[in-house]
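One structure is given below, encoded as structure tokens.
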Amino acid sequence: MALGRRDTQIATQIGGTEAQISVQRLRLLRKLHIHSQAQIVDAAERLASWPTVVFRKPGSVHRAAR
């Protein structure tokens, strides 16, 4: 979600249906009191259990450090 993926894309990646992903997304956003994409990204950065995760806007280009 933090990467801006649609429910169909998430369902394809992790399995399940678009409807299941939609319901789980809604439940998660309500539980965390999240109302915008910016809040989704912020929560993902704060709550991620691995420190190497970097969230980028969809379509942005990432250049590896040399």
Side-chain angles (χ1 to χ4, degrees):
M1 289 187 326
L3 297 175
R5 294 195 176 126
R6 297 185 181 274
D7 293 344
T8 53
Q9 294 169 312
I10 296 170
T12 299
Q13 185 177 3
I14 66 171
T17 67
E18 180 181 358
Q20 290 170 321
I21 300 301
S22 178
V23 167
Q24 293 304 317
R25 175 192 298 263
L26 182 59
R27 288 178 181 171
L28 179 63
L29 296 180
R30 283 184 180 166
K31 184 173 186 169
L32 296 175
H33 304 286
I34 292 177
H35 306 287
S36 71
Q37 181 65 27
Q39 289 176 321
I40 292 172
V41 172
D42 179 61
E45 289 173 346
R46 285 184 294 108
L47 301 173
S49 61
W50 51 92
T52 59
V53 174
V54 177
F55 295 98
R56 293 180 191 81
K57 291 183 181 179
S60 67
V61 177
H62 171 66
R63 300 192 197 296
R66 294 182 178 196

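Predicted model only: the values in this text are computed from it and were never measured.
- Linking Ile, Leu, Val, Met, Phe, Trp and Tyr residues whenever their side-chain heavy atoms come within less than 4.5 Å places Ile14 and Leu29 in a single cluster.
- The minimum heavy-atom distance linking Thr17 with Gln20 is given by the pair N-OE1, 2.7 Å.
- Here the straight-line distance linking atom CG of Leu28 with atom CD1 of Ile34 works out to 6.0 Å at 0.5 Å rounding.
- Cluster annotation: Val23 is not connected to Leu32 through the hydrophobic network of ILVMFWY side chains, with a link wherever side-chain heavy atoms come within less than 4.5 Å.
- Gly15 and Ile21 get closest at one heavy-atom pair: O-CD1, 4.3 Å.
- The shortest heavy-atom contact between Ala11 and Gly16 is CB-O, 3.7 Å.
- Side chains of Arg27 and Gln24 form a contact here, defined as non-hydrogen atoms less than 4.5 Å apart.
- Counting heavy atoms from C-beta on, the side chains of Gln39 and His35 come closer than 4.5 Å.
- The neighbour count for Arg30 CZ, taken as heavy atoms of other residues, nucleotides or ligands under 6.0 Å away, does not exceed 12.
- Contact detail for Arg25 and Arg6: the closest heavy-atom pair is NH2-C, 4.1 Å.
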